[in-house]
Amino acid sequence: MKNASLFFVFFYTFLSSVSANETNPLIYEIKINSEIGPTSRIYLSNGLKEAEVIHSDAILLHLNTYGGTVVDADSMRSAILYSPIPVYVFIDNNAASAGALISIACKKIYMRKGANIGAATVVGPTGEAMPDKYQSYMRSIIRATAEAHGKKTVIQGNDTIYQWIRDPQIAEAMVDDRITIPHVIDSGKVLTLTAQEAIKLGFCDGIAETREEVIAQLGYKDYQLVEYKPSVWDDIKGFFMNPAFQAILIMLIIGGIYFELQTPGMGFPSIVALSAAILYFAPLYIDGLAQNWELIVFIIGVILVLLEIFVVPGFGITGISGIALMALGLCLALLNNDLFSFKEVTMPDMSRSVLTVLSGIILSFAAILYLSSKIGEKGLFRKIALIADLESSESIDVNTRTLIGQTGETMTVLRPSGKIRIQNEVYDAISSTGFIEKGVKIRVIRFENMQLYVEPF
């Protein structure tokens with residue numbers, strides 16, 4: 001009986017909810033008040049999905065941003081253009097650069113007094129304008145975004161004129177300072193519009209001070225307002241998917257593998273490399289970008305590099321193939337490709353992927369050179385090196401210099417550092433001729449910088 005009562009209560013609540021939704025419009029609000037990047041893209045993507053699940057009548061994008069990455073902005077504007085639920089934007093102060101592109105994609109634009117929209121030139125990390133090939137793509141997508149809203153019919157006397165709802169040339173002038181539009185913008189300036197100017201040119205549909213005023217101007221009454229609540233995981237995933245952080249992770253992966261190969265055994269460098277690989281691939285895998293086969297490509301690359309080091313002497317096709325597969329796996333994991341079909345991959349996506357991986361590789365080489373010069377010195381990095389201060393080592397006394405010219409045998413692979421045995425005593429040493437396998441007879445050729453140097457005998 002109790003279960004039956006609970007059922008009727010639930011059923012009544014469900015019917016009341018359905019009835020309320022039929023009479024009261026449901027408005028879903030997504031707030032983006034920071035730089036356009038992976039985190040804001042995740043907010044919008046999750047918000048659009050949730051709005052569709054709860055059958056929202058409209059989506060209000062509450063926007064205030066100075067811009068961000070072109071790749072994420074392009075992804076966001078595409079999601080807005082193809083959303084089955086109309087998306088309206090309330091520019092609460094700024095919609096600059098990437099923010100302008102996202103705003104133009106929305107069905108209607110509302111701005112606060114004193115707000116601005118425009119200045120969409122692509123700039124690099126230093127704030128300088130990027131080369132024209134980047135500007136060309138940005139001009140294309142912002143023009144296409146404006147064109148996507150189509151034209152309206154205007155009757156002038158006996159003539160019927162078709163005008164763009166949002167003029168693509170005005171949108172393009174927000175990117176290209178070479179465009180001149182009479183009474184709008186002179187050549188040599190990038191276009192930025194105030195709220196009043198935007199209304200005059202068709203890039204703003206109304207001025208409002210609050211979201212409630214925007215919703216009222218849209219014609220919704222007695223509505224329900226639901227806000228998107230980002231989770232902690234959204235922020236964490238957005239941070240891990242930041243290109244700068246991904247480049248650092250690539251640096252740690254490559255650097256960790258390199259330093260592990262320099263010292264025998266499974267140690268700290270391996271832990272660093274493995275942890276960085278997990279942090280790099282896990283968010284991409286969860287987000288649906290990285291696929292199983294891309295992870296396998298990366299792992300095969302690592303295995304080939306290890307085979308080159310331990311099995312195949314020298315540096316040849318195995319090592320080169322391994323490095324190429326590692327780089328390929330890292331690049332592909334960043335792209336929204338379907339196997340080798342790249343129909344959904346845009347040029348900014350490809351550029352971002354290559355630049356991120358290339359930046360990580362360059363950083364890794366710089367870190368390797370720097371740390372290699374520091375290992376063995378006093379301080380933090382002394383602990384991860386083989387004992388370099390032979391005068392204070394327990395295994396080597398002050399008579400170490402007398403070992404020059406003596407012969408012995410390698411106890412471990414010298415790559416190039418390792419351990420050797422001379423007259424039943426164990427010493428740390430460095431190969432002067434590349435890698436030397438375990439069990440090979442060697443001869444001490446010099447003692448330099450408090451370190452023994454050996455060569456095959």
Side-chain angles (χ1 to χ4, degrees), residues 32 35-38 40-45 48 59 61 63 65-83 86-89 91 94-109 116-125 128-151 164-179 181 184-185 189-193 198 201-204 241 243 289 334-337 342-356:
I32 296 177
E35 180 178 312
I36 301 301
S40 55
R41 177 177 58 80
I42 290 170
Y43 284 4
L44 181 68
S45 177
L48 292 177
I59 297 171
L61 180 60
L63 184 66
T65 181
Y66 287 103
T69 62
V70 176
V71 173
D72 294 295
D74 187 21
S75 176
M76 293 170 71
R77 73 105 195 184
S78 298
I80 291 170
L81 285 175
Y82 299 115
S83 172
V87 181
Y88 308 98
V89 64
I91 300 175
N94 287 297
S97 191
L101 175 63
I102 293 168
S103 299
I104 294 172
C106 296
K107 189 174 181 66
K108 287 189 177 181
I109 300 174
N116 296 279
I117 180 173
T121 302
V122 183
V123 298
E128 295 182 357
M130 296 289 282
D132 189 63
K133 67 176 182 179
Y134 296 97
Q135 310 301 342
S136 175
Y137 184 82
M138 187 62 172
R139 290 196 299 267
S140 173
I141 60 174
I142 201 169
R143 189 171 61 244
T145 304
E147 290 175 352
H149 295 283
K151 294 183 177 182
W164 290 107
I165 294 176
R166 293 194 185 136
D167 192 333
Q169 189 178 30
I170 292 176
E172 189 175 353
M174 295 180 182
V175 179
D176 194 343
D177 60 5
R178 297 170 299 182
I179 293 178
I181 302 175
V184 177
I185 188 70
K189 299 179 181 179
V190 175
L191 180 62
T192 301
L193 301 174
L201 297 173
F203 280 76
C204 179
M241 294 179 69
L289 292 176
L334 296 173
L335 300 176
N336 188 27
N337 58 300
F342 296 90
K343 292 181 179 179
E344 302 298 325
V345 178
T346 64
M347 183 58 67
D349 291 330
M350 188 70 73
S351 299
R352 173 188 179 276
S353 174
V354 173
L355 287 174
T356 299

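Computation of the quantities below employed the complete heavy-atom set of this structure, encompassing side-chain atoms and omitting hydrogens, waters and symmetry-equivalent molecules.
- Of the inter-residue distances, the one linking Ile109 atom CD1 with Leu63 atom CG reads 10.0 Å to the nearest 0.5 angstrom.
- A side-chain donor-acceptor contact under 3.5 Å links Gln135 to the backbone of Val122.
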* Check the pair Ser40 / Met76 against side chain to side chain contact (heavy atoms under 4.5 Å, CB included), numbers first and verdict last. => CA-CA 9 Å; Ser40 55; Met76 293 170 71; 3.9 Å; yes
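- At least one donor-acceptor pair under 3.5 Å links the side chain of Arg166 to the backbone N or O of Ile104.
- Side chain of Ser97 to backbone of Gly99: no donor-acceptor contact under 3.5 angstrom is found.
- To the nearest 0.5 angstrom, Thr121 atom OG1 is 7.5 Å from Asp176 atom CG.
- Going from atom CG of Leu101 over to atom OG1 of Thr145 covers 5.0 Å, rounded to the nearest 0.5 Å.
- To the nearest 0.5 angstrom, Ile170 atom CD1 is 10.5 Å from Ile179 atom CD1.
- Residue Leu334 comes nearest to Ser353 through the heavy atom pair CD1-CA, 3.7 Å, listed as atom of the first residue, atom of the second, then distance.
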* Evaluate side chain to side chain contact (heavy atoms under 4.5 Å, CB included) for Ile185 paired with Val190, printing each intermediate quantity in order. => CA-CA 8 Å; Ile185 188 70; Val190 175; over 6 Å; no
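- For Leu61 against Cys106, the heavy-atom pair with the smallest separation is CD2-SG, 4.3 Å.
- For the pair Ser103 (side chain) and Ala95 (backbone), a donor-acceptor distance under 3.5 Å is absent.
- Minimum heavy-atom separation, Ala148 to Leu81: CB-CD2, 4.0 Å.
- Within the 4.5 Å cutoff, no side-chain heavy atoms of Ile59 are placed close to those of Pro86.
- Note: Gln169 CD to Leu201 CG = 11.5 Å, rounded to the nearest 0.5 Å.
- Annotation: side chain of Tyr137 is in contact with side chain of Asp74 (closest heavy-atom distance under 4.5 Å).
- Listed here is the closest heavy atom pair of Ala73 and Ile102: O-CG1, 4.0 Å.
- The pair Arg143-Asp167 does not meet the salt-bridge criterion, since no charged nitrogen lies less than 4.0 angstrom from a carboxylate oxygen.
- A salt bridge does not link Lys189 with Asp177: none of the charged nitrogens is closer than 4.0 Å to a carboxylate oxygen.
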* To do: Kindly determine whether Ile91 and Ile117 satisfy side chain to side chain contact (heavy atoms under 4.5 Å, CB included), including the steps that lead there.
  => CA-CA 8 Å; Ile91 300 175; Ile117 180 173; 4.0 Å; yes
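- Side-chain contact between Ser75 and Ser45 is absent, with no heavy atoms from C-beta onward closer than 4.5 Å.
- To the nearest 0.5 Å, atom CD of residue Glu172 and atom CG of residue Leu191 are 11.5 Å apart.
- Taking the charged nitrogens against the carboxylate oxygens, Arg77 and Asp72 have no contact shorter than 4.0 Å, which rules out a salt bridge.
- In terms of heavy atoms, Glu35 sits closest to Thr65 at CA-OG1, 3.8 Å.
- Contact check for Val70 versus Met138: side-chain heavy atoms found under the 4.5 Å cut-off.
- Among all heavy-atom pairs drawn from Trp164 and Gly150, the shortest one is CE3-O, 3.5 Å.
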